[in-house]
Amino acid sequence: MTLLTEDQPQSSRLPEPGMHITSLDRFSVGSADCGQSMKEDYLDSMEPVVFGVVEPPRRSRGRLVLHGMVMFGREFCYAVEAAFVTPVLLSVGLPRSLYSLVWLISPLLGFLLQPIIGSASDFCRSPWGRRRPYILTLGVMMLMGLTLFLNGDAVVSAIVQDRSLKRIWAIVIVMFGVVLFDFAADFIDGPVKAYLFDVCSHTDRERGLHYHALLTGLGGAFGYLLGAMDWGHSSLGRLLGSEYQVIYFFSALTWTVFLTVHLFSIPEVSLAKDSSLDPLAPSGLLLRSTHSSSGGYGTLHGSMSKEMEPDFRPRSFSALGEANSVTSSSKQPNKVQRRMTLKSCLLAMITMPSHYRCLCVSHLLGWTAFLCNMLFFTDFMGQIVYKGNPYAEHNSTAYDRYERGVEIGCWGLCINAVSSALYSYVQRLLLPYIGLKGLYFVGYFVFGLGTSLIGLFPNIITTLILCSVFGVMSSTLYTIPFNLISEYHREEEVRRKMGKVYPAGQDRGTGVDCAALTCMVQLAQIIVGAGLGALVNMAGSVIVVVLSASTMSLIGCLFIALFIRHVH
């Protein structure tokens with residue numbers, strides 16, 4: 001939230017510090033009988049009025065597009081990572097039984113550190129703002145990780161002469177680069193969204209998120225297109241040394257330019273300068289009630305009732321931090337704010353109502369299936385469809401076939417990015433006919449059927465055509481579960497207005513439920529990283545990758561049909 005501008009009318013300013021906003025002296029009608037109803041009407045209408053006062057100015061379309069450019073760059077680099085991590089690791093000699101380990105380290109770190117880092121930017125007093133220092137730091141970490149990931153083998157080969165030592169150091173440096181990049185890329189999405197929320201009005205936030213989604217899809221498509229080109233035999237490839245150096249050049253350039261554009265897109269007010277953003281400021285607007293809710297799942301802690309709480313707190317940049325901002329009270333001068341921790345998040349997931357817990361389980365099954373396929377798809381194309389060998393000499397025919405398979409796999413992932421954007425519009429057409437639960441079931445079923453056909457008939461044409469089902473699953477995972485949570489909360493709000501009283505601990509904020517879903521994504525990545533390498537080693541073939549994805553998705557179908565609550 002920014003401070004009021006000078007040109008705003010004086011009458012629209014917030015009350016002076018210390019003044020009770022719940023006071024109805026100005027609205028007295030001289031009758032005790034209607035005083036209570038007047039108070040309720042005032043409180044019901046107060047929140048939009050207050051938010052209208054403190055909302056930042058409207059932003060132009062150009063500013064919002066420039067702000068969203070960082071999502072293009074992030075997804076561009078993410079696409080490069082998804083397409084080339086496994087081929088790069090295998091080409092430097094990583095054993096097949098360990099090649100999924102790289103996907104295990106980053107989510108473990110994220111699962112442990114996200115609650116801590118997620119609330120850090122809320123209290124950052126940098127003159128440059130609260131969010132941009134974190135975005136810049138994470139952006140530099142992404143660039144460092146990308147550099148080590150795509151150039152580690154070449155650097156080690158130039159420095160180390162011993163063959164066995166060269167292999168060990170190449171594996172270590174490349175793995176470190178992947179973990180660093182993945183960790184930073186996972187975390188940067190949060191502060192980018194919080195930056196948008198801080199500097200934009202409610203209407204502009206919706207527009208900004210739309211541009212973020214559009215640019216994310218475009219970034220992924222262009223990133224996969226970059227990997228689909230045969231740069232190794234081009235003049236640029238010969239100039240820079242190899243295909244990976246060409247890809248690094250374009251990725252680093254794209255990320256640096258778009259990150260810079262993002263950081264200078266919209267000015268951000270420093271927390272130290274803007275007292276309205278300071279959770280410790282005694283002048284913060286506080287509505288006090290005479291009771292507090294009891295502790296429980298997602299309870300609103302503190303002395304502010306849920307119906308009377310306008311949220312003037314700064315937003316955290318992670319899902320867990322966002323849950324904290326929704327479910328904990330405003331920090332009062334004499335009271336310590338309760339922060340979301342790993343322990344409280346786990347307790348929240350354990351004690352949540354059954355239909356929310358079932359939604360988390362189905363989300364876990366879906367992401368496990370999706371990651372099984374997506375993280376190793378280009379390797380599957382190189383080894384199974386093109387019958388190449390990543391362990392062969394780099395000048396051999398077998399290795400050339402593998403590289404060609406990886407390039408065609410990138411084309412398949414590009415088809416996935418395009419189909420995901422298209423299916424998001426198809427969902428709107430299908431929603432009135434089959435509902436959210438039906439869309440949820442269809443997404444899992446189509447993906448499970450498509451990946452099973454890819455595993456059974458691994459030829460080039462069939463595989464590329466069926467890559468479109470990846471986009472169906474992607475669009476489903478990114479939208480339907482969160483729409484279901486929104487509908488569940490809307491139903492509860494309607495029942496509450498009808499007079500139904502919920503047991504202690506049943507009043508929740510949406511933040512903690514979204515945080516639980518986000519944790520399922522990280523947990524799925526941990527499961528894939530810990531178990532898929534062992535499965536591939538046992539089966540002796542990477543075809544188990546798509547078959548595992550199909551199995552998990554079809555199990556998810558049954559789970560959705562049996563346990564996900566239908567929304568009327």
Side-chain angles (χ1 to χ4, degrees), residues 62-85 87-88 131-132 134-152 154 174 177-193 195-196 208 211-232 234-237 239-266 374 378 406-407 409-418 420-421 474:
R63 288 282 184 179
L64 294 175
V65 170
L66 292 177
H67 188 278
M69 284 296 184
V70 71
M71 301 307 295
F72 182 100
R74 171 181 174 267
E75 201 65 22
F76 187 96
C77 296
Y78 243 148
V80 170
E81 184 205 30
F84 288 101
V85 163
V88 169
R131 315 300 180 183
R132 288 189 291 182
Y134 284 87
I135 295 172
L136 178 60
T137 302
L138 291 168
V140 171
M141 290 172 62
M142 280 182 61
L143 188 60
M144 290 173 57
L146 195 68
T147 302
L148 295 176
F149 154 49
L150 289 174
N151 298 293
V174 171
V178 171
V179 170
L180 183 64
F181 173 86
D182 205 41
F183 176 84
D186 284 343
F187 272 91
I188 202 170
D189 183 59
V192 167
K193 295 294 191 298
Y195 178 17
L196 177 71
Y211 292 129
H212 279 205
L214 176 63
L215 291 167
T216 295
L218 290 175
F222 278 96
Y224 291 127
L225 281 175
L226 177 69
M229 304 294 182
D230 183 10
W231 298 107
S234 66
S235 57
L236 191 57
L239 176 65
L240 295 178
S242 72
E243 179 181 23
Y244 293 146
Q245 272 67 61
V246 176
I247 292 171
Y248 168 74
F249 170 76
F250 283 114
S251 301
L253 180 64
T254 301
W255 175 240
T256 302
V257 171
F258 288 166
L259 176 64
T260 304
V261 168
H262 168 76
L263 292 173
F264 291 95
S265 58
I266 303 175
M374 294 299 292
T378 53
V406 170
E407 292 169 1
C410 290
W411 282 106
L413 294 177
C414 183
I415 294 173
N416 149 65
V418 173
S420 177
S474 174

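Remember, it's a predicted structure, so these values are computed and weren't measured experimentally. Computed from heavy atoms alone, side chains included, the values below leave out hydrogens, waters and symmetry copies.
- In terms of heavy atoms, Leu136 sits closest to Leu263 at CD1-CD1, 3.8 Å.
- Using modelled atom types, one side-chain atom of Thr378 and one backbone atom of Ala83 make a donor-acceptor pair closer than 3.5 Å.
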- Message: Between Leu236 and Phe250, is the side chain to side chain contact (heavy atoms under 4.5 Å, CB included) condition met? List the steps.
- Response: CA-CA 11 Å; Leu236 191 57; Phe250 283 114; 3.6 Å; yes

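- Taking CD1 from Ile415 and SG from Cys410, the interatomic distance works out to 11.5 Å, rounded to the nearest 0.5 Å.
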- Between Met144 and Leu148, is a side chain to side chain contact (heavy atoms under 4.5 Å, CB included) present by the stated rule, with each step listed? CA-CA 6 Å; Met144 290 173 57; Leu148 295 176; 5.5 Å; no

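- The backbone N or O of Asn416 lies less than 3.5 Å from no partner atom in the side chain of Ser420, so there is not a single donor-acceptor pair.
- In this structure, Cys77 and Leu146 approach most closely via the heavy-atom pair SG-CD2, 4.1 Å.
- Taking all atoms of both residues into account, the shortest heavy-atom contact from Met142 to Ala184 is CG-CB, 3.5 Å.
- More than 12 non-hydrogen atoms from other residues, nucleotides or ligands lie less than 6.0 angstrom from CE of Met141.
- Between Ile247 and Val80, the shortest heavy-atom distance links the atoms CG2-CG1, 3.6 Å.
- Nearest approach of Met229 to Glu407, heavy atoms of both residues: O-OE2, 3.9 Å.
- Atom CG of Leu218 is separated from atom CE of Met71 by 12.5 Å, given to the nearest 0.5 angstrom.
- In this structure, Asp182 contributes its side chain and Val178 its backbone to no donor-acceptor pair below 3.5 Å.
- Taking the ring centroids of Phe258 and Phe72, they lie under the 6.0 Å cut-off.
- The line from CD1 of Ile266 to CG of Leu66 is 8.5 Å long, rounded to the nearest 0.5 Å.
- One distance of note links CZ of Phe181 with CG of Leu138; it measures 12.0 Å at 0.5 Å rounding.
- No donor-acceptor pair closer than 3.5 Å links the side chain of Trp231 to the backbone N or O of Gln245.
- Ring pair Tyr195/His67: centre-to-centre distance below 6.0 Å.
- Remark: the backbone N or O of His262 is paired with a side-chain donor or acceptor of Ser265 at under 3.5 angstrom.
- Considering every non-hydrogen atom in both Ala79 and Tyr224, the closest pair reads O-CE2, 3.5 Å.
- A heavy-atom distance below 4.5 Å is found between the side chains of Trp255 and Arg74.
- Here Met69 contributes atom CE and Phe76 contributes atom CZ; the two are 13.5 Å apart, rounded to the nearest 0.5 Å.
- Within a 6.0 Å sphere centred on CZ of Phe222, heavy atoms belonging to other residues, nucleotides or ligands number 12 at most.
- For the atom pair Tyr211 OH and Thr216 OG1, the distance stands at 14.0 Å (nearest 0.5 Å).
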- Task: Given side chain to side chain contact (heavy atoms under 4.5 Å, CB included), test Leu413 with Met374 step by step and report yes or no.
- Result: CA-CA 8 Å; Leu413 294 177; Met374 294 299 292; 3.4 Å; yes

- Assess whether side chain to side chain contact (heavy atoms under 4.5 Å, CB included) is satisfied between Leu225 and Trp411, documenting all intermediate values. CA-CA 6 Å; Leu225 281 175; Trp411 282 106; 3.1 Å; yes

